[in-house]
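To start, the structure itself, in structure tokens.
Quick caveat, the model's predicted, so the values are computed rather than measured.
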Amino acid sequence: MGSQEAATQETLQTPVLGNGGPEVSSEAPSRFTRDQLFVMSATACLNFSSMICYSILGPFFPREAEKKGASDTVVGLIFGCFALFNFLTSLIVGNYIVQIGAKFMFVAGMFVSGCVTILFGLLDRAPDGPVFIGLCFLVRAMDAISFSAAVTASFSILAKAFPNNIATVMGSLEVFTGLGLVLGPPLGGFLYQSFGYEVPFIVLGCLVLILVPLNMYLLPKYDAIASKDSFWMLITLPKVVFLCFTIFSLSACLGFLDPTMSLFVSEKFKLPAGYVGLVFLGLALSYSLSSPLLGFLSDKMPHLRKWFLVFGGLLTALSFFLLGPAPVLHIGSKLWMFVLMLVLTGFSLGMSAIPLFPEMLQCAYENGFEEGLSVLGLVSGLFSAMWSVGAFVGPTLGGFLNERLGFEWAAAIQGGWALLSGLAIGIFYILEASRRRRSNLQTTLGTNEERAHLLATK
């Protein structure tokens, strides 16, 4: 265990580069340790199971909820409350991850998530009207709390286990996130059509519960000491503010597609329900397949991260502008063009999303945060919280704009979030580079003056 502990105790190294600022070391061991492989396996299980449980609701729950007396607005709020409670929980558990314990938080989050997924499948037995609606909100909130705890813990454990190549590992594990999103709707729809409302939730809930004891065995336990750092200290860093806005914009753009895209595709292109699900594959597959490469490049060439963030935001804005496309272009909607823009959206979202976590972590270390599990929890919690804000605003605002202006204009306006984030983070990096050049110049001048003074005194 001594060698494994030494590997996991290594923290992000900060050698000074040519730009004057510390960078995350891209050097990585050629082989993974046993603990690292176990951490990857556990996180892959979490990514896949959580996303497949999250995505099965779409095909049939709104219809079932309407039968039980829930209006379209109430159904939207049931979906939206997940993001709200996810946001609140992320801030809390991220701040107290050391006291709670990362492994316990991970395993307990999965256990509660499996239980409430099964409970969600039993809600059709509840009385129609307020009782059913109230139980939906309660179970959905519990699911959000458990999901938030498990994901926040997984980010922290990954960063602790892979201090030198976190982007590569996170990018590779996004493949399982994409698989969950891709397989969830068709699997849920098949089980619903074949066996009714309860079976999809019971089957997937039991799947999550089966993974709990496996993860209890696989995950190593990381001991840590609480630090004096806080969310307030982290969020007041200018670079972190811009990165948080980028997280929000990406999540909002992705969340916009949930309530709007399937309706637009079925109405505009007259596709049957089965083919609508295939259209979603363009985004999910391009994101999943490109994420490992983007993560590898982010670790091996850290200077590329800023370019990924800037151009990822601009490409996302372009793809949303052409998704309709925007009426101002006077281009008719074509199915091939729509799918192509979804593929571009998946790739551009990966360009922006994968470098975000290591960039936030590097910024925290540059500004004096103590290395360890405590700061990893803060960064993980803040990342999850800002993603949840976007996941709430995106569908809510997107649904409103879609109803008032139509999908074409709504998508173009929603892409404005990505455009603003790409431009804002680009301007910040330009100003940061300028400030570092001035600082290096002043340091060089001061050194030369001191050397000249010493020579004169001799």
Side-chain angles (χ1 to χ4, degrees), residues 32 37 39-59 147 150-151 154-155 158 162 165-189 204 207-208 211 246-247 249-258 261-262 265 275-300 304-305 308-309 311-313 315-316 319-320 323 338-358 383-384 387 390-391 394 418:
F32 292 137
L37 292 173
V39 167
M40 288 185 67
S41 300
T43 308
C45 291
L46 173 67
N47 287 3
F48 178 75
S49 61
S50 61
M51 286 299 102
I52 201 170
C53 289
Y54 176 83
S55 60
I56 62 169
L57 289 178
F147 174 81
V151 169
S154 73
F155 279 178
L158 276 175
F162 299 92
N165 50 356
I166 179 62
T168 302
V169 175
M170 291 183 71
S172 301
L173 291 173
E174 286 302 296
V175 172
F176 295 92
T177 301
L179 281 175
L181 291 173
V182 168
L183 295 177
L187 179 60
L204 295 179
L207 172 64
V208 175
L211 295 174
T246 302
I247 296 170
S249 68
L250 297 179
S251 179
C253 288
L254 195 59
F256 160 78
L257 297 175
D258 286 338
M261 189 170 75
S262 60
V265 170
Y275 287 95
V276 172
L278 295 177
V279 174
F280 280 79
L281 291 177
L283 189 150
L285 288 179
S286 64
Y287 174 75
S288 301
L289 296 177
S290 63
S291 291
L293 175 61
L294 294 170
F296 176 79
L297 293 175
S298 293
D299 280 330
K300 293 300 181 182
L304 290 180
R305 291 177 190 156
F308 283 166
L309 290 170
F311 286 103
L315 281 176
T316 300
S319 61
F320 269 77
L323 196 59
F338 187 86
V339 174
L340 179 62
M341 288 303 104
L342 285 181
V343 172
L344 179 61
T345 299
F347 176 75
S348 60
L349 286 174
M351 281 186 71
S352 297
I354 298 301
L356 280 169
F357 190 88
F383 188 100
S384 299
W387 189 271

Is there a side-chain contact between V169 and T43 (heavy atoms, below 4.5 Å)?
no
Before giving the answer on side-chain contact (heavy atoms from CB on, under 4.5 Å), spell out for F162 and T168 the whole-Å C-alpha distance, their side-chain angles and the decisive distance to 0.1 Å.
CA-CA 9 Å; F162 299 92; T168 302; over 6 Å; no
Given the rule in the side-chain contact (heavy atoms from CB on, under 4.5 Å) test, do F308 and L297 qualify, once you have shown the distances and angles that lead to the verdict?
CA-CA 10 Å; F308 283 166; L297 293 175; 4.0 Å; yes
Looking only at non-hydrogen atoms, find the nearest pair between I354 and G295 and report the distance.
CG2-CA, 3.5 Å
Would you compute the distance between atom CZ of F347 and atom OG of S290 and round it to the nearest 0.5 angstrom?
6.0 Å
D299 and R305: which non-hydrogen atoms are nearest, and at how many Å?
OD1-NH2, 3.8 Å
Minimal heavy-atom distance between L294 and M351, with the atoms involved, is CD1-N, 3.4 Å
Say you draw a straight line from CH2 of W387 to OG of S251; how long is it, rounded to the nearest 0.5 Å?
5.0 Å
Is there a side-chain contact between L342 and L323 (heavy atoms, below 4.5 Å)?
yes
State, with a plain yes or no, whether a side-chain heavy atom of M51 is found less than 4.5 Å away from one of F176.
no
Can you tell me how far OG of S154 sits from CG of L46, rounded to the nearest 0.5 angstrom?
5.0 Å
Please report the interatomic distance CE(M341) to CG(L283), rounded to the nearest 0.5 Å.
12.0 Å
Heavy atoms only: give me the nearest S348-G312 pair and the separation to one decimal.
CB-O, 3.6 Å
Please report the closest heavy-atom contact between S352 and L250, naming both atoms and the distance.
CB-CD1, 3.4 Å
So how far is it from L349 CG to T316 OG1, rounded to the nearest 0.5 Å?
4.5 Å
Quick check: closest heavy atoms across S291 and G171, and the distance to 0.1 Å?
CB-O, 3.3 Å
To the nearest 0.5 angstrom, please state how far the OG1 atom of T345 sits from the CZ atom of F338.
8.5 Å
Should the ring pair F155 and F383 be called parallel, tilted or perpendicular, given that the plane angle runs from 0 to 90° and is split at 30 and 60?
perpendicular
Would you say the side chain of S288 lies within less than 4.5 Å of the side chain of L179, judging by non-hydrogen atoms?
no
